[in-house]
Chemist: 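Following this message is one structure expressed as structure tokens.
Bear in mind the structure is a predicted one, so any value in this text is a computation, not a measurement.
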Amino acid sequence: MNLSKNKSIIYSVFKENPNLELDINDILKFIDTAKLAISKRTVYRSIDKLIGMGKIYCSSVHDRKRKFKLSDMSYCEIICNECNDLKKIKIANNDKFKKYIIGNKSFDITGGYIKFYGTCSKCLNRI
């Protein structure tokens with residue numbers, strides 16, 4: 001998939017900051033720091049296209065602002081419900097996720113992210 005110049009610039013912000021959740025203003029700050037001129041409207045349109053392509057996803061909504069993150073099929077997040085500790089775990093063979101056969105239909109997965117919630121060992125020991 002070829003990306004336009006603006007989509008490439010925005011996608012590079014996510015690639016350079018793979019662990020960050022970014023809202024539109026965060027993205028604009030990174031773009032401004034790099035001395036590039038992209039309008040807020042263009043950022044919104046590019047974000048929607050990148051989501052549609054499976055390159056990024058909306059990870060959360062805080063204070064009515066959507067936060068976005070890089071789609072990375074080679075890792076998953078494990079989040080503790082008690083202390084909010086977050087660990088990224090490498091998925092050994094993510095090729096198993098690339099293609100599924102559902103019924104008689106084929107489904108090619110182009111992006112996504114996996115989150116697991118539970119209680120970490122430190123918090124379990126406190127209980």
Chemist: Show, in sequence, the C-alpha distance, side-chain angles and deciding distance for Asp26 and Phe68, and conclude whether the side chain to side chain contact (heavy atoms under 4.5 Å, CB included) test is met.
Modeler: CA-CA 10 Å; Asp26 297 328; Phe68 305 95; over 6 Å; no
Chemist: Check the hydrophobic clustering (I, L, V, M, F, W, Y; side-chain heavy atoms under 4.5 Å; chains of links allowed) and say if Ile56 and Tyr44 are grouped together.
Modeler: yes
Chemist: How far does CZ of Arg45 sit from OG of Ser4, to the nearest 0.5 angstrom?
Modeler: 10.0 Å
Chemist: Are the side chains of Leu3 and Ile10 in contact, using a 4.5 Å heavy-atom criterion?
Modeler: no
Chemist: Is the shortest side-chain heavy-atom distance between Phe14 and Lys69 below 4.5 Å?
Modeler: no
Chemist: Quick check on Lys67: does its NZ atom have over 12 non-hydrogen neighbours (other residues, nucleotides or ligands) under 6.0 Å away?
Modeler: yes
Chemist: With rounding to the nearest 0.5 angstrom, report the NZ to CG distance, Lys15 to Asn17.
Modeler: 12.0 Å
Chemist: Could you walk me through whether Val43 and Ile31 pass the side chain to side chain contact (heavy atoms under 4.5 Å, CB included) test, one step at a time?
Modeler: CA-CA 10 Å; Val43 171; Ile31 291 168; 4.1 Å; yes
Chemist: Tell me every residue that passes side-chain hydrogen bond (donor to acceptor under 3.5 Å, both in side chains) with Lys65, counting only those two or more places apart in sequence or in another chain.
Modeler: none
Chemist: Name all residues meeting the side-chain contact (heavy atoms from CB on, under 4.5 Å) criterion together with Asp63; count only those two or more places apart in sequence or in a different chain, and write none if there are none.
Modeler: none
Chemist: As an exercise, state the distance from SG of Cys120 to CD1 of Ile79, rounded to the nearest 0.5 Å.
Modeler: 12.0 Å
Chemist: Do you know the tightest heavy-atom contact between Cys123 and Arg126?
Modeler: SG-NH2, 3.0 Å
Chemist: I need the Asn125 CG to Thr119 OG1 distance, nearest 0.5 Å.
Modeler: 11.5 Å
Chemist: Would you compute the distance between atom NZ of Lys5 and atom CD1 of Ile38 and round it to the nearest 0.5 angstrom?
Modeler: 7.5 Å
Chemist: Write down the atom of Lys40, the atom of Asn25, and the distance for their closest heavy-atom approach.
Modeler: NZ-OD1, 3.6 Å
Chemist: State the CG-CG distance between Asn6 and Leu36, to the nearest 0.5 angstrom.
Modeler: 9.0 Å
